[in-house]
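Heads up: the structure comes next, in structure tokens.
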Amino acid sequence: MVKVYLTGEICMTMGGRLVRADRLPRRQGRLVFAYLVTERDRTVSRDELAESLWPDHLPAAADLAVSAIVSKLRGLFSELGAGRQTIEASPGGYKLNLPAESWVDIEEALASVHLAEAAIQASSPATAYGPAVVACAILRRPFMTGEEGAWVDARRETLHRAHVRALDCLAQIHTATGEHSLAVRAALEAIELEPFREIGYQRLMLAHAASGNRAEALRVYSRLEAVLKTELKTTPSREMRKLAESVVGK
């Protein structure tokens with residue numbers, strides 16, 4: 001089984017062998033590797049790869065350069081034990097065919113978020129806990145540090161949204177199980193990632209209210225009110241106002 005890590009330091013392992021980021025053919029090799037992994041369900045054209053490497057201006061020998069990078073990546077897969085054929089070439093481009101049961105960290109994270117949310121919907125916080133922790137552990141690590149470009153930005157946004165969802169799950173899980181300090185920690189982390197998102201403040205208010213700290217819950221509402229007024233020139237929703245009123249009334 002090949003394990004691929006795209007968050008934090010890029011690397012891949014198989015059968016006790018390890019290929020680290022510094023073995024990939026420089027920055028362009030890391031970009032092509034990550035692109036092929038993230039799009040491994042389809043064939044990626046050579047033009048698409050070239051545009052991801054040189055978005056502003058394609059060099060005259062772009063096609064040859066892409067071919068050379070792919071050839072080096074094939075060599076690394078062969079060294080790992082997966083074989084050069086792991087990257088399949090066709091007239092349409094290249095497709096990454098990882099061995100059966102292979103594991104990719106960001107795929108695992110996204111799948112874990114779905115599992116955690118489904119378990120919460122089924123009123124099973126204990127079942128949701130493991131997947132939520134796995135998702136957060138992966139998604140806290142940066143994706144392609146120092147790189148820019150449309151596809152990198154789009155992938156980062158997907159992972160960012162998934163991270164916030166995983167933290168929402170943790171806040172709900174810990175509130176349901178009475179671990180209020182952990183619920184507060186998860187909700188605060190979600191707010192740091194999305195400071196204008198009401199649901200994050202709602203999770204934090206509920207965590208404080210569940211622990212009996214109504215004053216802190218109301219301070220969270222005041223914080224939201226101030227942020228929305230200062231930054232967006234608006235006010236909390238009716239739902240949030242009703243939540244604050246219910247906290248006062250307890």
Side-chain angles (χ1 to χ4, degrees), residues 2-13 18-77 80 82 86-98 102-114 135-167 190 192-197:
V2 175
K3 284 191 172 184
V4 178
Y5 297 84
L6 294 180
T7 58
E9 180 188 354
I10 292 178
C11 66
M12 55 180 173
T13 67
L18 168 67
V19 173
R20 303 187 64 166
D22 58 6
R23 297 292 315 285
L24 297 171
R26 300 184 180 180
R27 168 187 170 270
Q28 293 172 344
R30 292 193 294 273
L31 283 168
V32 171
F33 175 75
Y35 202 106
L36 290 173
V37 172
T38 58
E39 302 293 333
R40 69 188 181 105
D41 60 337
R42 65 183 181 89
T43 297
V44 177
S45 72
R46 292 174 180 81
D47 288 344
E48 189 176 345
L49 286 173
E51 288 171 6
S52 72
L53 292 172
W54 303 285
D56 298 324
H57 178 72
L58 289 177
D63 193 57
L64 287 175
V66 168
S67 296
I69 292 168
V70 170
S71 179
K72 291 177 182 177
L73 292 177
R74 280 179 168 154
L76 291 176
F77 276 111
L80 193 67
T86 302
I87 301 180
E88 176 189 355
S90 69
Y94 302 101
K95 185 176 187 301
L96 182 65
N97 296 310
L98 292 176
S102 291
W103 181 94
V104 178
D105 62 347
I106 61 175
E107 293 177 5
E108 180 70 14
L110 295 176
S112 294
V113 173
H114 288 300
C136 285
I138 294 170
L139 296 169
R140 285 190 180 104
R141 300 195 295 259
F143 177 74
M144 302 296 291
T145 302
E147 298 298 340
E148 300 297 336
W151 79 270
V152 174
D153 292 341
R155 183 59 58 172
R156 280 194 189 125
E157 179 60 27
T158 296
L159 298 177
H160 173 84
R161 290 196 302 268
H163 188 186
V164 173
R165 288 164 53 201
L167 289 167
E192 288 173 4
L193 292 175
E194 289 286 350
F196 306 127
R197 183 171 163 271

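All residue numbers refer to positions in the sequence shown, counting from 1. Model, not experiment: these values are computed from the prediction. Only heavy atoms go into these numbers, but all of them, side chains included; no hydrogens, no water, no symmetry mates.
Using a cutoff of 4.0 Å between basic side-chain nitrogens and carboxylate oxygens, Arg40 and Glu107 are scored as salt-bridged. Using a cut-off of 4.0 Å between Lys/Arg side-chain N and Asp/Glu carboxylate O, Arg42 and Glu48 are scored as salt-bridged. Between Arg27 and Glu147 there is a salt bridge, since at least one side-chain N of the basic residue sits less than 4.0 Å from a carboxylate O of the acidic one.
With sequence neighbours excluded, no residue forms a side-chain hydrogen bond (donor to acceptor under 3.5 Å, both in side chains) with Arg156. Under the rule for a side-chain contact (heavy atoms from CB on, under 4.5 Å), the partners of Arg140 that lie at least two apart in sequence or sit in another chain are Cys136, His163, Leu167, Glu189. Gln28 is linked by a side-chain hydrogen bond (donor to acceptor under 3.5 Å, both in side chains) to nothing, counting only residues two or more places apart in sequence or in another chain. Remark: Asp47 engages no residue in a side-chain hydrogen bond (donor to acceptor under 3.5 Å, both in side chains) (not counting sequence neighbours).
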Thr7 vs Leu139, side chain to side chain contact (heavy atoms under 4.5 Å, CB included): CA-CA, chis, key distance, verdict: CA-CA 7 Å; Thr7 58; Leu139 296 169; 5.7 Å; no

Glu194 vs Phe196, side chain to side chain contact (heavy atoms under 4.5 Å, CB included): CA-CA, chis, key distance, verdict: CA-CA 6 Å; Glu194 289 286 350; Phe196 306 127; over 6 Å; no

Step-by-step side chain to side chain contact (heavy atoms under 4.5 Å, CB included) determination, Val66 to Leu64: CA-CA 5 Å; Val66 168; Leu64 287 175; over 6 Å; no

Worked check of side chain to side chain contact (heavy atoms under 4.5 Å, CB included) between Thr86 and Arg74: CA-CA 7 Å; Thr86 302; Arg74 280 179 168 154; over 6 Å; no

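The number of heavy atoms from other shown groups lying within 6.0 Å of NZ (Lys95) is above 12.
The shortest distance between side-chain heavy atoms of Thr145 and Glu9 does not fall below 4.5 Å. Within the 4.5 Å cutoff, the side chain of Leu6 has heavy atoms near those of the Val4 side chain. Side-chain atoms of Arg155 and Phe143, non-hydrogen and from C-beta on, do get closer than 4.5 Å to each other. In this structure the side chain of Lys3 never reaches within 4.5 angstrom of the side chain of Glu108, judged on heavy atoms. Trp103 is not listed as a side-chain neighbour of Val2, based on a closest heavy-atom distance of 4.5 Å or more. Residues Val19 and Thr13 are not in side-chain contact: their nearest non-hydrogen atoms beyond the backbone lie 4.5 Å or more apart.
The list of side-chain hydrogen bond (donor to acceptor under 3.5 Å, both in side chains) pairs with a residue in residues 57-68, not counting sequence neighbours, reads Ser67-Tyr94. Residue pairs meeting the ring pair (Phe, Tyr, Trp, His ring centres under 6.0 Å) criterion with at least one partner in residues 26-53, sequence neighbours excluded, are Tyr35-Trp151.
Of the possible polar contacts, none joining the Arg23 side chain to the Leu76 backbone as a donor-acceptor pair under 3.5 Å is found. Looking only at distances, a side-chain donor or acceptor of Thr38 sits under 3.5 Å from a matching main-chain atom of Ala34. Side chain of Ser52 to backbone of Leu49: a donor-acceptor contact under 3.5 angstrom is found.
Summarising the geometry of Cys11 relative to Arg20, their closest heavy-atom pair is CB-CA, 4.0 Å, with the distance given to 0.1 Å. Between Leu58 and Ala50, the shortest heavy-atom distance links the atoms CD2-O, 3.6 Å. Of all heavy-atom pairs between Leu24 and Gly29, the closest is CB-C, 4.5 Å. Between Asp105 and Ile138, the closest heavy-atom pair is O-CD1, 3.4 Å. Contact between Ala109 and Ala135 at its shortest, heavy atoms only, is O-CB, 3.7 Å. Of all heavy-atom pairs between Pro25 and Leu73, the closest is CD-CD2, 3.8 Å.
In this structure, CG in Leu98 is found 9.0 Å from CE in Met12, a value given to the nearest 0.5 Å. Atom CG of Leu110 is separated from atom CZ of Arg161 by 10.0 Å, given to the nearest 0.5 angstrom. Rounding to the nearest 0.5 Å gives a distance of 8.0 Å between OG1 of Thr43 and CG of Asn97.
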